[in-house]
Amino acid sequence: MSKATVIGAGLAGCEAAWQLAKRGVKVTLHEMKPDKYTPAHHSAGFAELVCSNSLRSDQLTNAVGLLKEEMRQLGSLVMQAADATRVPAGGALAVDREAFSAQITRAMEEHENIEIVRGEVEDIPEGPVIIATGPLTSDALAERIAQLPGLETLNFFDAAAPIVSGESLDMDKVFRAGRYGRGDDYLNCPMSREEYLAFYEALLEAEKAEVHGFDGSQVFEGCMPIEVMAARGEMVMAFGPMKPVGLTDPRTGREPYAAVQLRAENREGTMYNLVGFQTRLKWGEQKRVFSMIPGLENAEFLRYGVMHRNTFLHSPGFLDEHYQMIARPGTYFAGQMTGVEGYVESASSGLVAGISLARQILDMPPVDFTRLTAIGALAHHVAHAAGDFQPMNANFGLIEPYEKRIRNKQERYGAISARALNFIEALRANPLACDFYPEG
């Protein structure tokens, strides 16, 4: 029986293990929880979402929406779990994080080809392996990875937003609406100019928690702490996560000066995430400053925002477009440590690595998803990006341009998505790629 090892049971590791196991490969899945936790993890379950509970847009005119649909077509476990545990979020796909984790954990535990081993892995094992230990890889293993030939290991910092209790919100001030009338899945806290400026000043003066090695310049733009954003200028927040565009305050009939959006963390709507409010403020300061937001004056904070280190590889020249180590065939990496950014992107790298290693073990030809697809374009970026390599979300700029000129952006993106899904369909119809079909 063919065998492989997967280290790490986050989204990427679980997706990789699933793709290997359903192709008949016996998988040993290593996870250090609950023996040891990182500063960002709290649950013993697999595929724990430590930042937002949103997997972002589900629209095919958005690159991450296309990526998700490609993954569905390729039998992704992460997408099956996400679709089964989704909570209302307008055009986005958000999930009940506990139910999501539980479903993936159960799939790992119940699959006959997966053996779970709890405990920290301190060295890279011999034989076929996928390393998916995430942005907070333990020091011992990170040291070993750093010694691999041709590798430069880089660090930057991530931040998570606070979560508040739904029943503690003042619904006389908060209103439910989506931008431009697109559903009513978000709660909105409107601010007047005076309230916004007072909040802005309080953020600038608030005491920050010390994070070793952090100077404010090493944060990925997608996880920019709200106080760092405020320090960039008075109106930066109002043009970012606090933009009021497309919202109408029912109390005034007008667009507010600024607005803080809250997104449900679970189906019951008992917990809400402050959208875009990643932070490294001290917990007492978070309570003081964020309680200035209209509707949050008496908010109960179920989780305060945190900041943590995030380690990723200098992948170009080190990994190929299958996430395989060039200098050590049979050794693959997956997840955020490869330089992809985001839950879905991490899972997609696990899917590609799992499929690729399985086909290698089973002596099948490799598959190049090409830059025609979002999943392939992301993998090609990781392998071939030039210049200063930085973490990257899925975006249409990575995908091969459309053959014909289409001026309307939404139409152009729709055409690119249709082409990508046709490519995936053709792959699945290819007898040499028949293992792409989802189980069942």
Side-chain angles (χ1 to χ4, degrees), residues 11 43 45 47-69 71-72 76-104 160-190 222 240-251 255-256 259-278 290 293-296 299-303 305 342-344 347 393-394:
L11 276 73
S43 165
E48 181 181 358
L49 304 182
V50 300
C51 192
S52 168
N53 70 321
S54 173
L55 276 62
R56 311 198 321 278
S57 175
D58 214 22
Q59 308 300 307
L60 289 179
T61 50
N62 185 293
V64 77
L66 170 60
L67 181 61
K68 286 198 280 287
E69 186 56 32
M71 292 170 64
R72 290 185 180 102
S76 164
L77 172 67
V78 166
M79 289 312 306
Q80 290 173 25
D83 288 336
T85 61
R86 69 188 303 156
V87 297
L93 173 57
V95 303
D96 181 320
R97 68 176 73 216
E98 292 183 5
F100 174 79
S101 173
Q103 180 159 328
I104 291 179
I163 295 174
V164 296
S165 163
E167 65 181 6
S168 68
L169 304 175
D170 184 349
M171 297 307 294
D172 289 334
K173 297 181 179 179
V174 176
F175 65 94
R176 184 178 291 277
R179 297 190 190 279
Y180 303 105
R182 295 172 184 164
D184 59 357
D185 296 334
Y186 289 84
L187 297 182
N188 301 274
C189 305
M242 295 178 67
K243 64 178 180 287
V245 178
L247 296 172
T248 301
D249 185 345
R251 295 177 304 169
E255 182 179 282
V260 176
Q261 288 201 302
L262 310 178
R263 182 178 55 235
E265 281 284 316
N266 57 8
R267 286 177 174 144
E268 297 77 18
T270 59
M271 301 185 296
Y272 284 86
N273 185 293
L274 276 66
V275 178
F277 270 60
Q278 297 86 0
F290 296 155
I293 299 170
L296 271 62
E300 176 190 357
F301 285 77
L302 302 176
R303 184 193 73 187
Y343 294 142
V344 180
N393 290 117

Rounded at 0.5 Å granularity, tell me how far [atom1] in [X] sits from [atom2] in [Y].
X: Tyr186; Y: Asn273; atom1: OH; atom2: CG; answer: 9.5 Å
X: Arg72; Y: Leu67; atom1: CZ; atom2: CG; answer: 10.0 Å
X: Ser165; Y: Glu300; atom1: OG; atom2: CD; answer: 4.5 Å
X: Asp96; Y: Glu265; atom1: CG; atom2: CD; answer: 9.0 Å
X: Leu274; Y: Arg263; atom1: CG; atom2: CZ; answer: 10.5 Å
X: Tyr272; Y: Leu187; atom1: OH; atom2: CG; answer: 4.5 Å

For [X] and [Y], work out which heavy atoms get closest and say how close.
X: Leu247; Y: Ala177; value: CD2-O, 4.4 Å
X: Ala81; Y: Ile104; value: CB-CG1, 3.6 Å
X: Ser101; Y: Ala47; value: CB-O, 4.1 Å
X: Phe277; Y: Pro162; value: O-CD, 3.2 Å
X: Asp184; Y: Arg176; value: O-CG, 2.7 Å

Side chain to side chain, [X] and [Y], heavy atoms closer than 4.5 Å:
X: Arg86; Y: Asp58; value: yes
X: Leu49; Y: Leu11; value: yes
X: Met271; Y: Arg303; value: no
X: Val275; Y: Pro241; value: no
X: Val344; Y: Val78; value: no
X: Arg56; Y: Asn62; value: no

Side-chain ([X]) to main-chain ([Y]) donor-acceptor, under 3.5 angstrom:
X: Asn53; Y: Ala264; answer: yes
X: Lys68; Y: Leu55; answer: yes
X: Ser76; Y: Met71; answer: no
X: Asn188; Y: Pro190; answer: no
X: Arg251; Y: Val174; answer: no
X: Lys173; Y: Leu296; answer: no

Item to check | Identified side-chain contact (heavy atoms from CB on, under 4.5 Å) partner of Ile293 from the options Val260, Leu262, Val164 | outcome: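 Running side-chain contact (heavy atoms from CB on, under 4.5 Å) over Val260, Leu262, Val164 with Ile293 returns exactly one hit, Val260.
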Next on the checklist: Would Ile163 and Arg97 count as a side chain to side chain contact (heavy atoms under 4.5 Å, CB included) here? Give the steps.
Outcome noted: CA-CA 12 Å; Ile163 295 174; Arg97 68 176 73 216; 4.0 Å; yes
